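One structure below.
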Number of protein chains: 2
Amino acid sequence: MNVSDFEQRRNKILSVVIEAYVASAVPVGSELVARRLRPSVSSATIRNVMGELEEAGLLEQPHTSAGRVPTDRGYRLYVDSLMDVPWFSREQVMEMTHRLHGEESEVEQLLGRAGGLLTELAQQASFILAPTVKRTALRQIELVPLGVRKVLCVLIGDQEETYASHVVELIEPLSREEVLALVRFINTQLTGLPYRDVVDSLERRLIAETDSFYHLVKRSLDILQHALSTEPEERLLLEGASYIVAQPEFRRDPGKAHRLLKGLEDAESLMEQVRSDLTTDRVRVRIGRELPLAGYEACSYVAAPFVVEGRVLGGVGVLGPTRMDYPRVSALVEAVARSIASILGRGPAA
Amino acid sequence: MNVSDFEQRRNKILSVVIEAYVASAVPVGSELVARRLRPSVSSATIRNVMGELEEAGLLEQPHTSAGRVPTDRGYRLYVDSLMDVPWFSREQVMEMTHRLHGEESEVEQLLGRAGGLLTELAQQASFILAPTVKRTALRQIELVPLGVRKVLCVLIGDQEETYASHVVELIEPLSREEVLALVRFINTQLTGLPYRDVVDSLERRLIAETDSFYHLVKRSLDILQHALSTEPEERLLLEGASYIVAQPEFRRDPGKAHRLLKGLEDAESLMEQVRSDLTTDRVRVRIGRELPLAGYEACSYVAAPFVVEGRVLGGVGVLGPTRMDYPRVSALVEAVARSIASILGRGPAA
DNA sequence: TTTAGCACTCTATCTATACGAGTGCTAATA
DNA sequence: TATTAGCACTCGTATAGATAGAGTGCTAAA
């Protein structure tokens with residue numbers, strides 16, 4: 001038996017342990033692994049190998065006389081090189097896409113359905129990182145006067161259906177004519193500018209200009225600054241928190257569940273993490289301690305971006321205990337992300 | 001001792017039991033009650049009275065040799081006639097109002113802060129029933145063309161800062177001129193109409209009219225129908241789900257927690273319930289089985305509407321186990337509701 | 001009417017014990 | 001040299017019995 005054969009068997013055994021543990025949530029013993037292994041081997045041999053796997057830091061024992069449980073590193077190896085991600089059939093993908101199309105074709109509703117679908121199919125909590133105007137570029141704005149000192153500022157982004165409205169209170173009254181002038185000014189001078197840079201750009205102009213534009217720039221700045229300051233960079237739609245509590249690991253230790261839910265309440269930090277993970281067009285898996293967020297100690301997520309015309313518009317993901325069916329969930333998350341991308345890409349619900 | 005004295009003592013004892021149980025989450029025995037009672041009585045007497053209270057269905061024993069626990073009916077009597085709701089000092093109210101005012105003055109942010117405040121002070125989950133355009137009357141609409149067959153429909157309500165935007169896909173292209181005509185038509189012909197009636201009204205006109213208006217009515221109907229169909233009647237902002245899991249009753253029985261979180265996911269039914277409870281300007285308390293919602297078996301909520309100029313704009317509430325500090329939570333919920341109302345009433349953040 | 005006293009009930013806790021799952025090691029085996 | 005049968009050992013879990021303690025309801029006396 002050469003080295004490669006050795007490796008292969010080790011890996012196979014690791015996979016069996018992980019898959020059995022994922023299915024049962026109970027530490028896996030050598031006997032069970034031996035029974036599952038294709039070329040029949042004795043449990044004693046398995047024990048030796050499992051000992052090695054433990055020394056390698058891929059498995060661990062809850063206590064001396066228990067079976068083995070995968071470590072974060074064990075899952076990592078499995079996810080990176082061992083698991084095979086199932087393929088969904090054309091029909092299944094069609095079915096999913098069909099379910100994502102629904103009565104209402106707005107992006108908001110589409111993402112809501114996607115969350116529901118993920119949660120239902122994965123039987124886990126799911127999250128969706130939804131695009132907001134603020135990450136796009138200014139395509140158009142509209143001002144709707146609501147009173148002399150109050151105006152609704154409608155921001156429209158250059159990507160599919162990104163828009164937002166914000167009420168802005170003004171110190172100085174704003175006349176009808178001024179509104180028209182402002183809209184014209186902004187829609188001619190600032191289009192194409194990323195929303196994030198709009199305020200900076202206006203501030204710079206304010207310093208430079210002293211001419212007749214000054215007033216326009218000043219007022220635009222006032223309004224856009226306020227409108228943009230209340231607009232979040234992203235939104236996180238979370239669904240299926242109840243599934244967290246239902247998992248055996250969290251039932252056994254309600255404190256763990258509490259900490260996770262507590263952590264989830266600070267959506268900000270999860271968003272940050274997910275965003276930084278979704279820069280490429282790939283499924284990302286974060287396992288246990290790889291997630292440096294308070295409360296997520298025993299959790300993993302699988303996330304994938306939806307990419308339209310080369311741009312990452314947002315992402316979807318499934319969140320659960322480290323004991324997660326990574327192959328299945330990965331396939332699921334990727335399929336849903338692709339479905340969303342294809343729906344968004346093809347524009348209006350066909 | 002006359003009948004009234006009897007009653008008074010019974011009630012006093014019920015109150016003591018409830019307050020002790022709320023504080024400790026442990027069944028309350030006669031000894032403890034005797035020690036707390038002002039005019040010193042023996043535990044034997046208390047036992048007799050507690051026996052009566054049990055017969056009356058206000059207390060119950062988890063098992064023969066345990067102390068007593070309040071029933072839903074016991075809490076109900078306590079809430080209706082026995083508890084005294086604490087008063088917040090002027091300073092405390094100011095402090096709260098101050099915390100509700102924040103950097104951002106939009107209603108959305110205000111309500112978000114209110115939820116955070118409630119959750120933090122009550123150490124329980126809180127919810128907020130937020131007003132939407134759909135429950136107000138049409139004050140103005142604006143149409144922003146996003147493409148030849150796509151338009152952003154901005155709905156503005158006749159109440160403080162109620163508005164919404166929806167993208168509407170059109171079958172037929174829409175020209176600039178048509179947009180102007182439509183906006184003019186809607187903003188002159190339909191203002192003041194409750195949004196709920198807008199579609200009906202247009203449909204009736206569609207049947208009646210065959211003249212030149214027909215086209216306008218038809219297209220308005222198309223757009224408004226789509227825009228309104230995706231607009232919810234209400235929104236429910238839920239916060240502090242983690243506190244639910246932290247409560248001892250739910251820690252002991254994770255299944256209960258799971259059922260409640262599951263129930264919470266269907267925000268629709270909770271909204272319905274809360275809305276129907278908040279028709280008057282009063283704090284409403286729902287105790288245990290009085291909430292006919294699946295999953296809420298061992299839960300109560302305390303809710304209060306925020307009322308501006310005689311109209312119920314929305315509501316706030318605290319949700320937790322039936323073992324809740326009703327006096328404190330009631331005071332809290334009412335104070336927050338009033339604060340919100342006063343901020344909304346006085347218009348822009350003063 | 002109240003209360004001291006007491007027997008009774010039931011749970012929670014502890015201990016002891018047995019059980020069994022799973023391990024690691026050793027020695028025999030192919 | 002790799003594998004495996006065998007076995008002693010460990011340790012968690014399940015079971016049962018004993019104990020303590022909290023709280024009750026009842027009775028009889030004050």
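All values below come from the heavy atoms of this structure, side chains included, with hydrogens, waters and symmetry mates left out. The shown structure was predicted, so the numbers you read here are calculated from the model rather than taken from an experiment. Letters A, B, ... are given to chains in the order of the sequence lines, protein chains preceding strands, and every chain is numbered from 1.
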key: Minimum-distance nucleotide to B:Glu54 side chain [options: D:dT4, C:dA4, D:dG25]   =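 Shortest atom-to-atom distance from the side chain points to D:dG25.
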query = Is B:Arg9 near enough to C:dT2 that one of its side-chain N or O atoms lies under 4.0 angstrom from OP1 or OP2?
reply =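 Answer is yes, contact under 4.0 Å.
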inquiry  = Can you confirm whether A:Tyr326 sits close enough to A:Ile18 that some side-chain heavy atom of one is under 4.5 Å from a side-chain heavy atom of the other?
reply    =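 Contact flag for A:Tyr326/A:Ile18 side chains = no.
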Nearest-angstrom distance from the residue atom [atom1] of [X] to [atom2] of [N]:
X: A:Leu37; N: D:dT4; atom1: CG; atom2: C1'; result: 15 Å
X: A:Arg35; N: C:dG22; atom1: CZ; atom2: C1'; result: 13 Å
X: B:Asn48; N: D:dT24; atom1: CG; atom2: P; result: 11 Å
X: A:Ile13; N: C:dT23; atom1: CD1; atom2: P; result: 12 Å
X: B:Met50; N: D:dG25; atom1: CE; atom2: P; result: 8 Å
X: A:Ile46; N: D:dA2; atom1: CD1; atom2: P; result: 16 Å
X: B:Glu52; N: D:dG25; atom1: CD; atom2: P; result: 11 Å

Strand contacts (DNA chain D) in residues 19-32 of chain A, 4.0 angstrom heavy-atom criterion =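 Within residues 19-32 of chain A, no residue comes under 4.0 Å of DNA chain D.
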message = Just to be sure I understand the geometry, which residues of residues 58-68 of chain A put a non-hydrogen atom under 4.0 Å away from DNA chain D?
response =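 Within residues 58-68 of chain A, the residues near DNA chain D are A:His63, A:Thr64, A:Ser65.
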Check: A:Glu297 side chain, A:Gly295 main-chain N or O, donor-acceptor pair, under 3.5 Å =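 Looks like yes, one N/O pair under 3.5 Å.
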query = Ion pair present between A:Glu334 and A:Arg282, side-chain N to carboxylate O less than 4.0 angstrom?
reply =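 No.
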request  = Would you mind checking if A:Arg68 and A:Glu54 are paired as a salt bridge, meaning a charged N to carboxylate O distance below 4.0 Å?
outcome  =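 Yes.
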task = Determine whether the side chains of B:Tyr78 and B:Glu19 contain a donor N or O and an acceptor N or O closer than 3.5 Å.
result =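 Yes, B:Glu19 and B:Tyr78 have a side-chain donor paired with an acceptor closer than 3.5 Å.
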task = Ignoring hydrogens and angles, state whether a donor on the side chain of A:Tyr301 or A:Asp277 is under 3.5 Å from an acceptor on the partner side chain.
result =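 Per modelled atom types, A:Tyr301 and A:Asp277 side chains form a pair under 3.5 Å.
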task = Take A:Ser300 and A:Thr322, measure what side chain to side chain donor-acceptor pair (under 3.5 Å) needs, and give me the verdict at the end.
result = CA-CA 5 Å; A:Ser300 295; A:Thr322 44; 5.1 Å; no
key: Separation of A:Ile244 CD1 from A:Gln124 CD (nearest 0.5 Å)   =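 It comes to 8.5 Å.
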task = Would you kindly compare A:Ser43 and B:Arg47 by the position of their nearest DNA chain D nucleotide and give the one closer to the 5′ end?
result =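 The residue whose closest nucleotide sits nearer the 5' end is A:Ser43.
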key: Sequence neighbours excluded - salt bridge (Lys or Arg N to Asp or Glu O under 4.0 Å) pairs with any residue from residues 252-274 of chain B   =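 Qualifying pairs, neighbours excluded: B:Glu272-B:Arg275.
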